[in-house]
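Let me begin by presenting the structure, written as structure tokens, before commenting on it.
By convention in this document, chain letters (A, B, ...) are assigned in the order of the sequence lines, proteins followed by strands, and residues within each chain are numbered from 1.
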Protein chains: 2
Amino acid sequence: MVQKRKRPPVPRIDAPVPPKRRGRPRAYEPGVALGKALDLFRKDGFAATSLDDLSAATGMNRPSLYGAFGDKRELFIKSYRRYRDDARVAMGDIFRNELPIRKRLERIYAVALDIYLSGESGPRGCFTVMTAASEAVHDPDIRAMVLEGFAELDRAFAACFRRAQEKGELPASADPTLLAQLASATIHTIAIRARAQVPRKELETIVNGAIEVMVGAAK
Amino acid sequence: MVQKRKRPPVPRIDAPVPPKRRGRPRAYEPGVALGKALDLFRKDGFAATSLDDLSAATGMNRPSLYGAFGDKRELFIKSYRRYRDDARVAMGDIFRNELPIRKRLERIYAVALDIYLSGESGPRGCFTVMTAASEAVHDPDIRAMVLEGFAELDRAFAACFRRAQEKGELPASADPTLLAQLASATIHTIAIRARAQVPRKELETIVNGAIEVMVGAAK
DNA sequence: GGAATTCTTTGCGAAATGGTACAAAAAAGG
DNA sequence: CCTTTTTTGTACCATTTCGCAAAGAATTCC
């Protein structure tokens, strides 16, 4: 007995080290594949995206897709989760920051426009809004996710306005919940209009006007 | 020669009289068939609606559908035109009426909610918004129609606010164009949320808040 | 090296899809 | 009654769609 069998390396919490899986190694990275799937779904929507399209975009053939993510609907749901997670990190800092309310709103909408207008073949809009318009009607699970998405945005905006009110940036008479609904409505209208290829300039005009009404006129 | 061949009946302008067409008579009424097609497209969207579905709903078989309306895309476009025409007549009176601005907005949103929440199997939302989210991205013709729809609504709202301003219901400092964009944004947000089955009560809360901001706070 | 495991590849198949060809049917014209 | 015109009904075609089964390849475990 020369030496005890080499112990498996102590798994560090944040180790990106491949954990020595057992069989044939994957030919794809689940993360990037899911990203490609999300891109496609955002571009064409659920119904108009075929498994062949998804297969081509991810580089995985259909059985692999199926094995990794389940059927088309499950893949769509996982793509949506990914979108929400991405959006959360993109927005999170700004929502949490302690900037003046006006500055904060400006940054939020700027990031939103970046997200909605990105896309090589046309602006991709807001996936939550797109999904609400299509799949959410007939699929209860998807509907629940979309509703949670709306609610989360409403809450985040409301927290912003409440904080601003506490800091005296808004009059005591202002209603944070109401303002939040207006802020969300502005998000929704630019998301939709972006999808119809309204140019960024016009969307920014809408945003600036809305900000003016929300924090300018009320001050 | 007893009598000159009976002249074709003088065509009264609004005569619903069948004009004695030449061949086999139609087994459907184009108007109602188009209405059924519109219902389907609003429920499921373009991609998820098959010609079989359309055939079943209209009672026309596919060749007849094709002959009457052209291919699926043309049928979709004609359905959309029909939707816009219907919406115009439903909204037209209210927009033209000389009611106090607040009353007017209340009525407009009430009618909008009726349109968006109707539908036997779930609320059908706003067809313009739905189409903007899906087909408008890749189809220039459809995109043009959607953009015109947005613009028309913006203009109608702006005219409302301008008129209210002239009548002294709004301060001279108010910006009708800006207010119109807010009013449209409110339309868009309730259209989307309706589609996600947010109950009417909540949508009315959003509407009331928006009206308050637009004409209440500004007064 | 052989067994076990995990993923990939090929290919199939049953169903659905958009669109059309063609004959039969129903009406008017003569 | 025969022709012409227009619409219907049936049947079909080529393609696409989703999903899966079965065999092959790459890797670890013993």
- Message: Assuming nearest nucleotide by heavy-atom distance, tell me which of B/G23 and B/S64 is located more 5' along DNA chain D.
- Response: B/G23
- Message: At less than 4.0 Å, is any side-chain N or O atom of A/N61 found next to OP1 or OP2 of C/dT8? Yes or no.
- Response: no
- For the pair made of CG in A/D52 and P in D/dG19, what is the distance, rounded to whole Å? 12 Å
- Nucleotide of D/dG19, C/dC7, C/dA26 approaching A/R24 most closely (side-chain heavy atoms): C/dC7
- Message: Do B/N61 and B/S64 pair up side chain to side chain, a donor and an acceptor below 3.5 Å, judged on atom types alone?
- Response: yes
- Within less than 4.0 Å of OP1 or OP2 of C/dG18, is there a side-chain N or O belonging to B/Y66? no
- Integer-rounded Å distance: C/dG19 P and B/M60 CE: 15 Å
- Note on the structure: When rounded to whole Å, the CG to C1' distance for the pair B/L54 and C/dG18 reads 11 Å
- Item | Sidechain N-carboxylate O distance under 4.0 Å for B/R88, B/E152 | yes
- Do any side-chain nitrogens or oxygens of A/R21 fall under 4.0 Å of OP1 or OP2 in C/dC7? yes
- Query: Contact class for A/T49 vs. all strands (heavy atom < 4.0 Å): base, sugar-phosphate, or nothing?
  - Reply: sugar-phosphate
- To the nearest angstrom, the CZ-C1' distance between A/F69 and C/dC7 comes to 14 Å
- Message: What's A/R22 touching, base or sugar-phosphate or nothing? Going by heavy atoms closer than 4.0 Å.
- Response: base
- Note on the structure: Result for 5'-nearest mapping on DNA chain D, choosing between A/R73 and A/P25, is A/R73
- Message: Would you say A/R26 places a side-chain N or O within less than 4.0 Å of OP1 or OP2 belonging to C/dC7?
- Response: yes
- Item | Upstream residue (5' side of DNA chain C) when B/K72 and B/P63 are each assigned their closest nucleotide | B/K72
- Item | Distance, rounded to the nearest Å, where A/L65 contributes CG and D/dG19 contributes C1' | 12 Å
- Ring-ring centroid check B/Y83 B/F76, cutoff 6.0 Å: no
- Message: Between C1' on C/dC12 and CG on A/L51, what's the gap in Å once rounded to a whole number?
- Response: 16 Å
- Task: Answer yes when A/R82 and A/D86 have at least one side-chain N-carboxylate O distance shorter than 4.0 Å, and no when they do not.
- Result: yes
- Task: Would you mind reading off the distance between A/Y28 atom OH and C/dT9 atom P, rounded to a whole angstrom?
- Result: 11 Å
- Would a distance-only check, ignoring hydrogens and angles, find a side-chain to backbone donor-acceptor pair under 3.5 Å from B/R42 to B/G125? yes
- Item | Separation of atom CG in B/D53 from atom P in C/dA16, rounded to whole Å | 11 Å
